[in-house]
Amino acid sequence: MPDFSVVGVWRSCVCNMNTFLYISCCFIRGIKRMSTPASAKDRRPHSKARCQTYPGSSEQRQSVPDNKVPWCVEFPEYDPPEYTAPVVKKGPVWADPGDLGSATIRFNKRDGLVNRVSFTGDYDLKNNTPQNPSGRTGLKGRGLLGKWGPNHAADPIVTRWRREDGEVLIDESSKKPILQFVAIMRADSGEWAIPGGMVDAGERVSLTLKREFGEEALNTLQHTGADRKILEEQIASLFTKGDEIYKGYVDDPRNTDNAWMETVAVNFHDDEGTGVARLPLQAGDDAGSVRWMNVSSALKLYASHEEFLRKTAERRGAHW
Ligand code: RP5
């Protein structure tokens, strides 16, 4: 029997209001997602960002089922542990202060030299703490990431055609030419990856792309004089023209509920195979190894890098 008392009517209003807010939350997030770049639209729920054991530690994430990843889906038992790696807690120059209460950080803005704007649109703040735009990760804090909110990186995808005796090789099944890209083995996880890196404070992305490629794949830091000049000229010439492949959130295992990776991935293609394609690769900086790797759906790479290579193959009309 309906309760028409003042309390009853009030309860019913609050209850309906909650339902209304819940539906609105999902609807608004849906609209927000629809207005983000196409590259971010077709993403599945992040999975590497929910890896059980946090990288470089023994910290365990709370398990988050696929359907509970979006913040707008209720998950009353959600109470993830908090973890910030000791190296970040020490407060190196690239890290934010740990205590957000006293810090004056301008989230969703360019904050001095630090870019705190997300490619996914404005992210939510809860108690002045950024909320991962891709949803729950099973861990609070910053983990290994220095910045609260987005941590910006750049990924140079350097490609050439696979050739034998000067002829471009065609894959027998797809009848499409085979693309190769410069891959590095990450020293931290041992996984193969694009030689990307973090955008330094105030640095232009175009410079990060060149710098990271030079340091990790050609070991430019260890070269001096004329040698280094030649390498830098070759890189500069290839990197004058690139095709943007992806811009947005990265499903990185270091992500947390409050800190995550975003990147701009750009393809630099040596079509004739006469420039960077011929340079001797040499692993440097935080790369354990480097090599030209065939591009195909068999690739198993770090974070979202397989996805970036799939898009590159599509753009170049190459075998996948
Ligand atoms: C990934 O982490 C990005 O796509 C980029 O490749 C990389 C940047 O981090 P570091 O290599 O500098 O650790 O999310």
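When a ligand or atom number is given, it counts from 1 through the structure's own listing order.
- The option from Gly197, Ala187, Ala303, Ala154 that lies nearest to atom 8 (C) of ligand 1, judged by heavy atoms, is Gly197.
- The closest approach between Ala193 and ligand 1 stays at or above 4.0 Å for every heavy atom of the residue.
- Taking CZ of Arg316 as the start and CG of Asn267 as the end, the distance is 4.5 Å to the nearest 0.5 Å.
- Salt-bridge check for Arg50 with Asp66: passed, with a basic side-chain N closer than 4.0 Å to an acidic carboxylate O.
- Contact of the His152 side chain with the Phe119 side chain is registered, since non-hydrogen atoms from C-beta on lie closer than 4.5 Å.
- Of all atoms in ligand 1, listed by their number and element, those nearer than 4.0 Å to a heavy atom of Met261 are 2 (O), 8 (C), 14 (O).
- Among protein heavy atoms, the minimum distance from atom 5 (C) of ligand 1 is reached at Asp155 OD1, 3.3 Å.
- Shown are Asn132, Thr120, Thr263; of these, the side-chain hydrogen bond (donor to acceptor under 3.5 Å, both in side chains) with Tyr249 is made only by Asn132.
- Looking from atom 9 (O) of ligand 1 to the surrounding protein, the closest heavy atom is Arg254 NH2, 3.1 Å.
- The Gly196 neighbourhood of ligand 1 comprises atoms 6 (O), 11 (O), with distances under 4.0 Å to a heavy atom of that residue.
- For ligand 1, the atoms closer than 4.0 angstrom to any heavy atom of Asp252 are 1 (C), 2 (O), 14 (O).
- Of the N or O atoms in Tyr302, none lie within a sub-3.5 Å distance of an N or O in ligand 1.
- Here Tyr123 and Trp260 bring their ring centres to under 6.0 angstrom of each other.
- A ring-centre distance under 6.0 Å is found for Phe239 and Phe213.
- The contact set between ligand 1 and Arg186, taken as ligand atoms under 4.0 Å from a residue heavy atom, comprises 7 (C), 10 (P), 11 (O), 13 (O).
- In this structure, Arg254 CZ and Arg142 CZ are separated by 14.5 Å, a value rounded to the nearest 0.5 Å.
- Annotation for ligand 1: atoms under 4.0 Å from non-hydrogen atoms of Val250 are 14 (O).
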